[in-house]
Amino acid sequence: MEPEGRDLFAIADLAREFGISTRAIRFYESKGLLAPERVGATRIFRRRDRARLILILRGKRLGFSLRDISDYLSLYDADRTQQVHLLAEKVDQRIALLERQRDDLETTIRELREIRKLADERLVKS
DNA sequence: ATTCTAACA
DNA sequence: TGTTAGGA
């Protein structure tokens, strides 16, 4: 009766499972995103830590800074409601930034296509 | 073998 | 973050 798997993990276990380096995991801890237990100096990760790591990696995939992710995770124990508000705010900011970048890219592509068209016309005249 | 800290790239 | 050194 244990469909949950282990609840104790070594740093290498998590690194392997999520395809990241042990260095990255220690780095996240140094930034306050993780706080695994210690047995001496060795880190012992539990399901709770693993769950946080999953959230960290998801946040990264979506382009959020470790700072943003940290601020978000910090609200888990306190204001769960404020956490949702912060998330909404950050997501809106992220979407706004991506849309701006998309517009800039489209503008650049249009310019390059125009240059390319002019280049072809010159070749034809030559 | 594995992990840890610290420092440099 | 990767890599490397040196130790537990």
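The sequence lines fix the lettering, A, B, ..., with proteins before strands; numbering per chain opens at 1. All values below come from the heavy atoms of this structure, side chains included, with hydrogens, waters and symmetry mates left out.
Looking only at side-chain heavy atoms (C-beta outward), A:Gln93 and A:Phe64 stay at 4.5 Å or farther from each other. Between A:Ile25 and A:Phe45, the closest side-chain pair of non-hydrogen atoms falls below 4.5 Å. The shortest distance between side-chain heavy atoms of A:Ile56 and A:Leu73 falls below 4.5 Å.
A salt bridge does not link A:Arg6 with A:Glu17: every distance from a Lys NZ or Arg NE/NH1/NH2 to an Asp or Glu carboxylate oxygen is 4.0 Å or more. A salt bridge links A:Asp77 with A:Arg48: at least one charged nitrogen is closer than 4.0 Å to a carboxylate oxygen. Look at A:Arg100 and A:Asp104 and you find no salt bridge, because none of the NZ, NE, NH1 or NH2 atoms lies under 4.0 Å from a carboxylate O.
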Convert the base pairs of DNA chain B into dot-bracket notation, remembering that pairs crossing earlier ones are written with [ ] and that bases paired across to another strand are shown as |; include only Watson-Crick or G-U pairs under 3.5 Å. .|.||||||
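Taking atom CG of residue A:Asp13 and atom C1' of nucleotide B:dA1, one finds them 13 Å apart after rounding to whole Å. Distance CZ (A:Phe45) to C1' (B:dT3): 11 Å, rounded to an integer number of Å. For the pair A:Ile11 CD1 and B:dC4 C1', the computed distance is 9 Å after rounding to whole Å. Rounded to whole Å, the distance from CD1 on A:Ile44 to C1' on B:dT3 is 10 Å.
Think of the region where chain A sits on DNA chain C: with heavy atoms and a 4.0 Å cut, that region ends 5' and 3' at C:dT1 to C:dT3.
A:Arg26 and A:Thr22 share a donor-acceptor pair across their side chains, judged by distance under 3.5 Å alone.
Here A:Lys31 lies out of heavy-atom contact (under 4.0 Å) with every strand. Contact annotation for A:Arg43: backbone-only contact, meaning every heavy-atom pair under 4.0 Å involves sugar-phosphate atoms and none involves a base.
No more than 12 heavy atoms of other residues, nucleotides or ligands lie within 6.0 Å of CZ in A:Arg58, so this atom counts as exposed by the packing criterion. Within a 6.0 Å radius of CZ in A:Arg67, other residues, nucleotides and ligands contribute 12 heavy atoms or fewer.
Under the 3.5 Å distance criterion, the side-chain polar atoms of A:Asp13 are matched with a main-chain donor or acceptor of A:Ala10. Looking only at distances, a side-chain donor or acceptor of A:Thr107 sits under 3.5 Å from a matching main-chain atom of A:Asp103.
With C1' as the reference atom, B:dT2 and C:dG6 are 15 Å apart, rounded to whole Å. Rounded to whole Å, the C1' atom of C:dA5 lies 14 Å from the corresponding atom of B:dT3.
Residues of residues 14-24 of chain A having a heavy atom closer than 4.0 Å to DNA chain C, listed by number: A:Ser21, A:Arg23.
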